[in-house]
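Report on the structure given below.
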Amino acid sequence: MIQENEIVMLIIGLGVFIFILGNRSQLKRIPHADWLLVGFHTLLAGWILTVAENVLWGEVLNYLEHICYAMASLLLAAWCWKVFRGKREAI
Amino acid sequence: MHPVAIFDFITVLGSLTALVLLVSGWNRALRRDAKLLFAGFLSLLMFYGLCLFLEWAGITTALDSMEDFIGALLPMWFAFVIYAFLQEISGRDLRISEDRLRRILDSVQTGVVVIDPEAHTIVDVNPVAAKMIGADKEQIVNRICHKFICPAEQGACPITDLDQSVDKSERELLTADGTAVPILKTVVPVLLGGREHLLESFLDITELKQAEDALRASEEEYRSLVESTEDSVYLVDSDCKYLFMNEKHRSRFDLPLTEIIDRPYAQFHSKEEAETFFGRVKQVTETGRSVWHEYRSQRDGRYFLRTLSPVAGADGKTVAVTVVSKDITERKSLEAQLQHVQRMEAIGTLAGGIAHNFNNLLMGVRGHLSLMSLDADDPNAIRERLKKMEQLVESGTQLTSHLLGYAREGRYEVKTISLNQLVTETADTFGMTKKEITIHLELADDVPGIQADYGQIEQVLWNLFVNASDAMPGGGNLFLKTMNVTHEDMKGSLYVPKRGNYVLLIVTDTGEGMDEKTMGRAFDPFFTTKGIGQGTGLGLSSAYGIVKAHGGYLDVESKPGTGSTFKVYLPASEEEVQDVVKSPSEVVKGTGSVLLVDDEDLVLDVGMELLEVMGYRVFAAKDGREAVEIYRSNQGDIDMVILDMVMPGMGGGEAFDRLKEINPNVRVLLASGFAVDGEAAQILERGCNGFIQKPFNMKELSEKIDEIMNMP
């Protein structure tokens, strides 16, 4: 059964996604922006899957949802490593 | 434990790791607010993962509501993170822009200040501006801008409108020590730190102003020079379009300057004047040399001496021509008056000279006549006196010959002769009479013939040689040199020679020479430095006249104590040199009939007697009409006619034409007291066989008659 909070999370997530698309060229100037944005997109995929699992393939999509959350956290950690620990790169 | 819990645990660990990395590198990259927001996002993600882990690990479901709340908050928080990052980027852009501006300000060589337009305070200043003001940056920043820039405008600053920009206005900069410096200022609005400011850049134009002042002063000097002159001064381009003119010249047009400048010269002058002027301008443009000429304006009839000088452009080519036109009308008038006075003086001198010389001759003749009346019974004494009287008459004849020479007339028999031959022969004869003078000949072999009267040029040589001889009373050297020259070699003379080839004879003596004053009058008739009775003063003047009559030029160079050099230029002839037959020394007698025509009874009587003595039968006529009648009646008996040129009624010219109508082959010898030039020359051109100058003696007449009688 689809929960309301999941729908809200998805809608806000998609809104942010659209915002990111609109400012993509500016955001590309963030150091190692790909890691950050891919991390967010993975998170967004998790939010999509948490809604989708209520419709079909509940168990599989649930697995994938949590895998996406894990992947997103790892990608964000990698970005933090690159930006705060790695070689300095001018913005 | 459910496998999903493992992934959630990884999520917790990943988020925690990211958070640790962020905190550990807190001082690196990103603005503080962006890092705080991102740290918050990682914390929320970590808590979200923890809630999921506790639920799926089966530990507790008490945090479900917290999980739902964080889940909804996560994307919203991430939006804040993204916004913060975008702010970070634009902030960095601004800092980069400001940094670049700072670098530009520090590197430009003009003074730049940034002004807060509301407070009118200086916000920033570049090193050049600080140096120009003469104070440190700290002493300038935050001061009212009018303290240093545009001090006169304090309280009434025109630049308060930020949309307005000022471009290249001349203002003043007040330095720290109170000196006012002229500046060229440009103002533009700029956005700095999110606020509108005014960026004023300025250049010290003290040197430029000084140069401008100097240029203005120089222009003023030149303008006053050009405007204060009494001459017309104007500038035209190569197409003769007016570019500039002074007031003096403009006043001649009676038009405003705007209606003259950029208009062609031809618009204001006649076609003839315009063509002449254009030719001169073209000459200057092509040669790059100044030319001058006199002309008379058709507008007002005034005379001008006009000098045209080239104005060179940057490439050295003539781009314009400066014309200075001096009104010489008054000078011409004075010159004409002076020339008239001089002419009258010359005529007076001439008349006095002639009267003096002829009086002497006549005195001699009268004296002998008086003595003859006393010696009436002594034939020998009478014969002796007659011989002396004939010598006196011969002297008179020579005197008139000299006078005709001075009058530049008397080219009696023009032939192509060799100047070298004439010089050699005359020098030989002269050398025999003047043993104390050594003659040096240096005659060029290749000199061509000259169209000249042998006797006249011989007279020129004799005059020059005698003059040299008189300058060397104790003897000396006389150098005679001939060579070929052209008009180009005669540059620098007072006259402008006609184009062509010339034969030059240089006569140089080693005598006492002449001073400037004497040299200036050397060719004046009856001017002589010799003692009374030693010279007529006609030698050089007649030489000058003869040379001029032959189309030549006679120059003299001399200095006291260094001798004199006379240069005779005679036009070279392309014709073959003709042999000069020397006249026999005795009277040539002949046979036949001669018609003698003269309106003077005395001449007619003497002429008839002379002709009869020579062996001719004589017909006499007193004018042209009678001569024509006699010739028509006795055509078969008359072998030649001696025809006077000037007679009352029918003159010699008309009579000659009538005789020619009767007999185209009639032989006529023209006789006249006037020179061969003018009407006589025209009669000779119409076929007259010869000319004899009155007064002539028996020998000369016999030679002429013999020459014509023996013509084929």
Side-chain angles (χ1 to χ4, degrees), chain A residues 3-20 22-33 36-37 39-40 43-44 46-47 50 59 62-91, chain B residues 2-30 34-35 38-39 41-42 45-46 48-49 52-53 56 64-65 67-83 85-86 88-93 96:
Chain A
Q3 293 179 16
E4 286 179 0
N5 69 303
E6 290 174 348
I7 293 294
V8 170
M9 193 164 60
L10 179 60
I11 290 169
I12 297 172
L14 287 171
V16 175
F17 176 68
I18 291 166
F19 180 68
I20 288 172
N23 293 281
R24 190 176 49 190
S25 61
Q26 284 285 85
L27 291 170
K28 282 280 186 187
R29 293 172 58 195
I30 297 171
H32 310 289
L36 180 69
L37 295 179
F40 171 74
L43 204 57
L44 179 63
W47 294 332
T50 195
E59 195 172 347
N62 186 46
Y63 270 105
L64 287 174
E65 176 204 343
H66 289 267
I67 288 169
C68 282
Y69 292 151
M71 284 289 292
S73 67
L74 291 174
L75 286 167
L76 291 175
W79 181 78
C80 284
W81 171 265
K82 282 185 167 292
V83 172
F84 299 104
R85 303 293 295 181
K87 273 175 65 177
R88 286 175 187 270
E89 185 179 331
I91 294 177
Chain B
H2 195 282
V4 169
I6 298 168
F7 297 120
D8 293 336
F9 186 69
I10 293 170
T11 303
V12 172
L13 285 178
S15 302
L16 183 61
T17 305
L19 196 56
V20 169
L21 288 169
L22 173 62
V23 172
S24 66
W26 190 253
N27 292 327
R28 295 180 60 176
L30 297 181
K35 283 187 283 197
F38 192 61
F41 176 76
L42 291 173
L45 184 60
M46 187 178 70
Y48 185 65
L52 290 173
F53 173 74
W56 285 95
D64 276 1
S65 56
E67 176 201 325
D68 293 343
F69 174 72
I70 294 172
L73 199 59
L74 266 176
M76 202 181 303
W77 198 281
F78 194 74
F80 290 136
V81 171
I82 293 299
Y83 179 75
F85 281 0
L86 288 172
E88 166 85 14
I89 289 164
S90 61
R92 282 181 182 273
D93 285 348
I96 290 167

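Letters A, B, ... are given to chains in the order of the sequence lines, protein chains preceding strands, and every chain is numbered from 1.
With A:Phe40 as the fixed residue, the ring pair (Phe, Tyr, Trp, His ring centres under 6.0 Å) test singles out one of B:Phe78, B:Phe38, B:Phe85: B:Phe78.
Of the two parts of B:Leu45, only the side chain, counted from C-beta on, holds a non-hydrogen atom closer than 4.5 Å to a non-hydrogen atom of chain A. Of the two parts of B:Phe69, neither the backbone nor the side chain holds a non-hydrogen atom closer than 4.5 Å to a non-hydrogen atom of chain A. Interface residue A:Leu43: only side-chain heavy atoms are found under 4.5 Å from chain B. Using a 4.5 Å cut-off between heavy atoms, B:Leu16 does not touch chain A at all. Residue A:Ile20 touches chain B through its side chain alone, counting heavy-atom pairs closer than 4.5 Å. Heavy atoms closer than 4.5 Å to chain B are found in the side chain of A:Phe19, but not in its backbone.
Counting heavy-atom pairs under 4.5 Å between each of B:Val23, B:Leu13, B:Leu52 and chain A puts B:Leu52 at the top. Among the candidates A:Asn23, A:Val8, A:Ile7, A:Leu75, the residue making the largest number of heavy-atom pairs closer than 4.5 Å to chain B is A:Asn23. For chain A, the option among B:Trp26, B:Trp56, B:Tyr83 with the highest count of heavy-atom pairs below 4.5 Å is B:Trp56. Annotation: maximal heavy-atom pairing with chain B below 4.5 Å, among A:Leu37, A:Leu27, A:Leu44, occurs at A:Leu27. Counting heavy-atom pairs closer than 4.5 Å to chain B, the top residue among A:Ala70, A:Cys68, A:Gly13 is A:Ala70. Of the listed residues (B:Ala18, B:Pro75, B:Ala79, B:Gly25), the greatest number of heavy-atom pairs within a distance under 4.5 Å of chain A belongs to B:Pro75.
Between A:Trp81 atom CH2 and B:Leu22 atom CG the span is 14.0 Å, to the nearest 0.5 Å.
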Quiz prompt | Test log, rule ring pair (Phe, Tyr, Trp, His ring centres under 6.0 Å), inputs B:Trp77 and B:Tyr48 | solution = CA-CA 13 Å; B:Trp77 198 281; B:Tyr48 185 65; over 10 Å; no

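Proximity of B:Phe80 to B:Phe41: side-chain heavy atoms (C-beta onward) are nowhere separated by under 4.5 Å. At least one side-chain heavy atom of B:Leu74 sits under 4.5 Å from a side-chain heavy atom of A:Trp47. Taking the side chain as every heavy atom from C-beta outward, A:Asn62 and A:Glu59 never approach each other to under 4.5 Å. Residues A:Leu10 and A:Leu14 are in side-chain contact: their nearest non-hydrogen atoms beyond the backbone lie under 4.5 Å apart.
Classified by interplanar angle (parallel below 30°, tilted 30° to 60°, perpendicular above 60°), the ring pair A:Phe84/A:Trp79 is perpendicular.
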